[in-house]
2 protein chains.
Amino acid sequence: MTDAPLYRQVAEGLRRRILTGELTPGAQLPTEMALCDTLGISRHTAREALRILTEDGLILRRRGAGTVVAEAPAPAFAQTLGDFDDILQYARDARFVCQSAEPADAEALDALGLTGEFSLLTGLRQVSQEPPMALTRVFVRADIAPDFETVNRLSGSISEWLEATHAIAITRVTQRMEAVALSGTQASVLGVRAETPALRTIRRYRDTGGEIIQLSESLHPAGRFAYEMRLERGQ
Amino acid sequence: MTDAPLYRQVAEGLRRRILTGELTPGAQLPTEMALCDTLGISRHTAREALRILTEDGLILRRRGAGTVVAEAPAPAFAQTLGDFDDILQYARDARFVCQSAEPADAEALDALGLTGEFSLLTGLRQVSQEPPMALTRVFVRADIAPDFETVNRLSGSISEWLEATHAIAITRVTQRMEAVALSGTQASVLGVRAETPALRTIRRYRDTGGEIIQLSESLHPAGRFAYEMRLERGQ
DNA sequence: TAGTGGTCTAGACCACATG
DNA sequence: ATGTGGTCTAGACCACTAG
């Protein structure tokens with residue numbers, strides 16, 4: 001269980017101290033040498049840990065000046081999207097904890113432009129024991145939808161499960177992102193105030209025929225999630 | 001000029017061999033030990049170079065198997081390229097009306113993780129006479145930044161202007177999106193209530209060396225903007 | 001001037017993939 | 001069995017920041 005690399009363990013320890021507020025924005029982090037001494041690790045290992053936090057935007061480093069917690073601590077989790085497969089990676093990293101499964105009502109389907117019969121899975125996106133990263137609704141075409149127990153036993157993503165068990169190929173995904181205010185009930189589930197800003201992402205998964213076989217909507221409260229993508233210019 | 005760190009020089013050398021086609025997708029790269037021997041560098045330096053290429057998605061590394069050039073974007077997978085141009089398209093459609101140009105203060109640069117001297121252009125994104133779509137700040141490296149009049153005369157995007165007038169190539173753009181609440185001043189400029197949710201997008205434009213030469217931050221109030229993207233699975 | 005992070009070297013042991 | 005990349009140690013010199 002604790003077979004994670006040492007530098008990663010160190011990084012997670014520092015990350016926790018930042019996210020819990022023990023280290024507030026602007027505060028100095030231990031210097032590299034201090035980390036080496038107190039933790040009994042080499043400088044390379046300490047730097048590797050600090051590199052992770054730097055890439056996550058949690059800390060700022062300046063030669064000669066030291067390391068401080070970033071002013072606006074970046075969300076604990078950022079999704080990097082480079083290509084199609086990265087979306088699936090996100091689904092694996094951030095575990096979907098399903099809380100209810102039921103037939104979707106017509107009103108909800110209408111609002112999202114879905115036609116036909118769908119199952120609705122409602123739950124939370126979670127990474128380890130942190131507060132939930134998102135409130136998520138997943139609509140799956142009724143005739144191929146997994147049941148409640150199956151979803152919570154999944155090690156991968158729902159779309160991967162669909163492809164594996166129903167010989168379905170998802171060839172196109174459209175994703176929409178916008179800012180919204182959380183309703184009272186949504187906010188309470190996520191443990192934030194009503195009207196808190198949230199990033200709403202809607203993904204529509206289509207098969208080769210262009211038909212929508214799955215739709216997921218996630219509400220990420222401000223500060224818990226950022227969506228990051230990298231775009232390369234062809235050569 | 002050639003005072004770039006050794007590992008970066010090594011990375012650029014390998015990058016060139018890949019981009020010129022000397023190393024084609026799937027081809028084996030030299031092993032770490034081979035790089036050490038032929039270039040007379042330490043393993044740490046070689047690994048640092050390979051790490052850059054890994055983060056850029058140019059190569060794939062597998063323990064025991066070696067390092068290979070990543071598969072070329074499949075024909076149908078003009079995704080990254082398409083997205084890149086789409087960003088510029090957005091910049092052309094939504095005109096940037098600059099309201100002020102000044103040197104960026106250290107605090108603002110710090111908060112965004114920028115080092116060096118930058119000019120700050122503040123303004124609005126507008127389509128025709130509609131209410132502004134976004135409140136935008138653009139940071140441009142001071143030595144190449146356009147002045148106030150130039151910006152407002154531009155027909156294209158700022159990044160295009162940089163490339164055209166300074167012989168600069170922007171090869172990588174990272175974009176980050178998250179939900180935030182607008183401050184009072186931000187809200188009043190946009191004509192909405194304070195605390196209105198907004199989609200915050202930050203784009204970092206990098207040259208071939210990985211240096212950030214431009215950064216833009218846009219605040220899109222809820223309801224005025226949504227970001228939509230399409231992802232195709234390569235075959 | 002003292003201390004910081006940035007770079008670099010020269011070792012070592014390990015888990016893993018391949019033949 | 002060999003060689004790969006992944007991790008880790010113990011040093012070193014440098015450029016830069018700050019007191």
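Values reported hereafter were calculated over all heavy atoms of this structure, with side chains retained and with hydrogens, waters and symmetry mates removed.
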Asks: Could you report the tightest heavy-atom contact between A:Leu29 and A:Leu50, atom names first, then the distance?
Replies: CD2-CD2, 4.2 Å

Asks: Looking at residues 39-49 of chain B, who's got a heavy atom less than 4.0 Å off DNA chain D?
Replies: B:Arg43, B:Arg47

Asks: Looking at every heavy atom in both B:Glu195 and B:Ala181, which two are closest together, and how far apart are they?
Replies: OE1-CB, 3.6 Å

Asks: Verify side chain to side chain contact (heavy atoms under 4.5 Å, CB included) between B:Ile59 and B:Leu14, making sure each step is shown before the conclusion.
Replies: CA-CA 10 Å; B:Ile59 61 175; B:Leu14 290 171; over 6 Å; no

Asks: Across the strands shown, which category fits A:Leu50 at heavy-atom distances under 4.0 angstrom: base, sugar-phosphate, nothing?
Replies: nothing

Asks: Do A:Arg61 and A:Arg47 pass the side chain to side chain contact (heavy atoms under 4.5 Å, CB included) test, and can you show the C-alpha distance, the side-chain angles, and the key distance before you say yes or no?
Replies: CA-CA 11 Å; A:Arg61 319 197 69 200; A:Arg47 281 182 65 80; 4.0 Å; yes

Asks: Could you run down the sub-3.5 Å N/O contacts of the protein with nucleotides 1-4 of chain D?
Replies:
{"unit_1": "D:dT4", "atom_1": "O2", "unit_2": "B:Gly64", "atom_2": "N", "d": "3.0"}

Asks: When you list every nucleotide of DNA chain C with an atom under 4.0 Å from a heavy atom of chain B, which one comes first 5' to 3', and which comes last?
Replies: C:dT7 to C:dT18

Asks: In terms of the angle between their ring planes, are A:His44 and B:His44 parallel, tilted or perpendicular, with boundaries placed at 30° and 60°?
Replies: perpendicular

Asks: Would you give me the side-chain donor-acceptor pairs under 3.5 Å for residues 115-123 of chain B, sequence neighbours excluded?
Replies:
none

Asks: Through what angle, rounded to 10 degrees, does the axis of the helix from C:dT1-D:dA18 to C:dT18-D:dA1 turn between its ends, using five pairs per end?
Replies: 10°

Asks: Does B:Ala65 have any side-chain contact (heavy atoms from CB on, under 4.5 Å) partners at least two apart in sequence or in another chain, and if so, which?
Replies: B:Arg62

Asks: Please determine which of A:Arg15, A:Arg8, A:Arg16 meets the side-chain hydrogen bond (donor to acceptor under 3.5 Å, both in side chains) test together with A:Glu12.
Replies: A:Arg15

Asks: Between CG of B:Leu190 and OG1 of B:Thr185, what distance do you get to the nearest 0.5 Å?
Replies: 10.0 Å

Asks: Do you know which two heavy atoms are closest between A:Pro221 and A:Ala134, and how far apart they sit?
Replies: CD-CA, 4.5 Å

Asks: Looking only at heavy atoms, which two atoms of A:Ser216 and A:Tyr205 are closest? And how far apart?
Replies: OG-CE1, 4.1 Å

Asks: Using the rule given for salt bridge (Lys or Arg N to Asp or Glu O under 4.0 Å), can you reason through A:Glu48 versus B:Arg51, listing the C-alpha separation, both sets of side-chain angles and the distance that settles it, and then say yes or no?
Replies: CA-CA 12 Å; A:Glu48 206 65 19; B:Arg51 182 206 294 270; 2.5 Å; yes

